[in-house]
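Since the structure comes first, as C-alpha cells, the remarks are kept for the end.
Along the sequence shown, residues are numbered consecutively beginning with 1. Everything numeric here is computed off the predicted structure, so don't read it as measured data.
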Amino acid sequence: MKLTIGHLYPDLLNLYGDRGNIQCLMSRCRWRGIEAQTIPFERDDKIDFEKLDIVLLGGGSDREQLLVCEKLREIQPDFKKYVEDNGVVIAICGGYQLIGKYYKLEDATITGLNLVDLYTEQEPGRLIGNIVMESPLFSMPVVGFENHGGRTRLGKGVKPLGRVLYGNGNDGRSGYEGIVYKNVIGTYLHGPLLPKNPQIADWLIQKALEKRYGKPIELSPLKDQEEREANQYIYHRFVKKDSE
Ligand code: GLN
C-alpha cells in the first residue's frame with residue numbers, strides 16, 4: 001500500500017514547525033510497512049489532486065495568508081472536488097481559516113477556499129496558549145498550542161472537532177474547537193499537532209487508505225508509549241491536576 005501526501009505552500013504556511021506533521025505521517029506509515037511520499041507544492045506548481053491521498057495546509061501569518069490567497073482561487077474547483085469525493089485534508093490555524101469562506105482582517109478580507117461552511121473575523125487580542133480538548137472521534141484527549149487573532153464561526157450543521165477543556169478554541173466563547181467535515185479536519189492546534197496526537201495522525205492515514213483502496217482498513221497498532229505519556233502529561237498539567 002502507498003500514500004501520497006501533498007504539502008501546500010510550505011514556504012509560506014509553516015508556522016511553529018507544522019512540517020513536523022508531515023514527518024509524523026510519513027513515519028507512522030513507514031513503521032507499518034505502508035509506503036509514503038510527500039510532494040511539497042510551491043505557488044507556481046500545478047496540483048493534480050487525484051494523485052494525492054492527504055493534503056496538509058499549515059499555519060501562516062496574515063501577511064503570508066494574503067500572499068497565498070490569490071493562488072487559492074485558481075485551485076478552488078479541483079480542491080473542492082477532492083473534498084467532496086472524500087479526500088483527506090488536515091488544515092491548521094492559518095490553513096484552517098483558509099478552508100472557510102473568508103478571513104476578515106481590519107483592513108482587508110482574504111477570500112477563502114469555501115470548502116467548509118465557516119468564516120473567520122479578526123478581533124482585538126490574540127488567543128494564545130496551551131489548549132486541551134475532548135473529541136468524539138478519539139478516546140485520547142487532543143492537546144496542542146494555539147496562537148490566532150482570528151475568531152472562527154461555524155455554519156449550521158458543521159461539526160466541531162471537539163469541546164475545549166482548557167484554552168480558547170474557535171472563538172474563545174463557543175467552547176468548541178476546530179471542525180470535522182467529511183474527511184477534512186480543521187483545527188487551531190499547532191505544536192505540531194500530529195506527533196502530540198497520534199490518534200489524529202492514524203485517523204487521517206486510515207481514511208486515506210480506505211479511500212485509495214476502496215475497502216475498510218484496520219491499522220496495526222503502534223506502541224506509542226512516549227506519545228501517550230506526553231499527551232497525558234499535558235492533560236494532567238492543564239485539566240486534571242494530579243491532586244484532584
Ligand atoms: N494569521 C492567522 C491569525 O492570526 C493565523 C495564525 C496562525 O496560523 N497561527 O489568526
Side-chain angles (χ1 to χ4, degrees), residues 3-23 25-26 36-122 146-155 158 170 178-179 181-190 192-194 204 208 211:
L3 288 183
T4 303
I5 303 164
H7 192 179
L8 265 55
Y9 317 125
D11 50 335
L12 290 167
L13 301 178
N14 183 34
L15 272 185
Y16 301 117
D18 282 341
R19 206 181 294 267
N21 292 318
I22 298 277
Q23 285 161 358
L25 288 170
M26 297 281 288
Q37 65 164 354
T38 297
I39 308 177
F41 292 100
E42 295 194 4
R43 273 181 299 167
D44 292 331
D45 297 340
K46 177 149 178 38
I47 304 175
D48 181 355
F49 281 92
E50 281 185 19
K51 295 218 167 75
L52 303 180
D53 301 297
I54 300 178
V55 171
L56 184 134
L57 261 177
S61 65
D62 295 348
R63 187 189 71 85
E64 292 162 328
Q65 288 172 287
L66 273 163
L67 288 174
V68 292
C69 90
E70 239 353 59
K71 197 68 205 169
L72 299 184
R73 239 188 297 272
E74 274 171 45
I75 64 168
Q76 198 277 344
D78 289 351
F79 204 165
K80 176 89 183 162
K81 184 172 178 306
Y82 171 84
V83 165
E84 290 306 308
D85 287 349
N86 298 317
V88 177
V89 178
I90 176 73
I92 297 183
C93 202
Y96 168 38
Q97 296 170 341
L98 292 175
I99 62 171
K101 292 184 168 158
Y102 62 86
Y103 172 29
K104 192 169 179 304
L105 302 164
E106 211 185 323
D107 46 8
T109 297
I110 298 173
T111 306
L113 285 155
N114 198 12
L115 304 176
V116 181
D117 184 10
L118 60 87
Y119 64 91
T120 303
E121 292 175 338
Q122 191 174 56
E146 60 182 329
N147 180 358
H148 48 111
R151 275 49 170 187
T152 296
R153 299 198 169 92
L154 313 187
V158 177
N170 281 336
I179 56 99
Y181 170 71
K182 292 184 150 243
N183 286 338
V184 178
I185 287 185
T187 175
Y188 270 115
L189 275 58
H190 290 282
L193 172 77
L194 300 181
L204 299 168
K211 167 147 196 287

- [ ] Verify side-chain contact (heavy atoms from CB on, under 4.5 Å) between L193 and I92, making sure each step is shown before the conclusion.
- [x] CA-CA 8 Å; L193 172 77; I92 297 183; 4.1 Å; yes
- [ ] Might you work through the side-chain contact (heavy atoms from CB on, under 4.5 Å) test for Q122 and R151, ending with a clear yes or no?
- [x] CA-CA 6 Å; Q122 191 174 56; R151 275 49 170 187; over 6 Å; no
Open item on the list: Quick one, Y181 with D117, criterion side chain to side chain donor-acceptor pair (under 3.5 Å). Give me CA distance, side-chain angles, the key distance, then yes/no.
Closed with: CA-CA 9 Å; Y181 170 71; D117 184 10; over 6 Å; no
- [ ] Determine, step by step, whether E64 and N14 satisfy the side chain to side chain donor-acceptor pair (under 3.5 Å) criterion, reporting the C-alpha distance in whole Å, the side-chain angles of both residues, the deciding distance to 0.1 Å, and the verdict.
- [x] CA-CA 10 Å; E64 292 162 328; N14 183 34; over 6 Å; no
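With contacts defined as side-chain heavy-atom distances shorter than 4.5 Å, the pair V88/V55 does not qualify. Between K104 and T120, the closest side-chain pair of non-hydrogen atoms is not below 4.5 Å. Side chains of Y9 and V68 form a contact here, defined as non-hydrogen atoms less than 4.5 Å apart. Residues K182 and V89 are not in side-chain contact: their nearest non-hydrogen atoms beyond the backbone lie 4.5 Å or more apart. Contact of the L113 side chain with the V83 side chain is not registered, since no non-hydrogen atoms from C-beta on lie closer than 4.5 Å. When side chains are defined from C-beta on, F41 does not count as touching H7, because their heavy atoms never get closer than 4.5 Å. Counting only heavy atoms from C-beta outward, the side chains of N21 and I90 never approach each other to under 4.5 Å. At least one side-chain heavy atom of N170 sits less than 4.5 Å from a side-chain heavy atom of Y188.
Between the NZ atom of K46 and the CD1 atom of I75 there is a distance of 10.5 Å, given to the nearest 0.5 Å. Note: D78 CG to D48 CG = 8.0 Å, rounded to the nearest 0.5 Å. Atom OG1 of T38 and atom CG of L3 lie 10.0 Å apart (nearest 0.5 Å). Separating the CD1 atom in I54 from the CE atom in M26 is a distance of 10.5 Å, to the nearest 0.5 Å. Rounding to the nearest 0.5 Å gives a distance of 12.5 Å between CZ of R43 and CG of L8. L13 CG to Q65 CD: the interatomic distance, rounded to the nearest 0.5 Å, is 7.0 Å.
Between the side chain of K101 and the backbone N or O of L118, no donor-acceptor pair lies under 3.5 Å. A donor-acceptor pair under 3.5 Å is formed between the side chain of D45 and the backbone N or O of E42.
Scanning both residues, K211 and N86, for their nearest heavy atoms gives CD-O, 3.1 Å. Among all heavy-atom pairs drawn from P192 and G20, the shortest one is CG-CA, 4.0 Å. Shown here for H190 and C93, the closest heavy-atom pair between the two residues is NE2-CB, 3.2 Å. Nearest heavy atom pair, residue I110 against residue D62, reads CD1-O, 4.2 Å.
When each of I5, T4, D53 is tested with Q37 by the rule side chain to side chain contact (heavy atoms under 4.5 Å, CB included), just one qualifies, namely T4. Here the options are L189, L25, I22, the test is side chain to side chain contact (heavy atoms under 4.5 Å, CB included), and the partner is L194; only L25 passes. Among N114, L72, L57, the one residue that satisfies the side chain to side chain contact (heavy atoms under 4.5 Å, CB included) test with F79 is L57.
Using a cut-off of 4.0 Å between Lys/Arg side-chain N and Asp/Glu carboxylate O, K81 and E84 are scored as not salt-bridged.
Ring planes of Y102 and Y119: parallel class, angle under 30° (limits at 30 and 60°).
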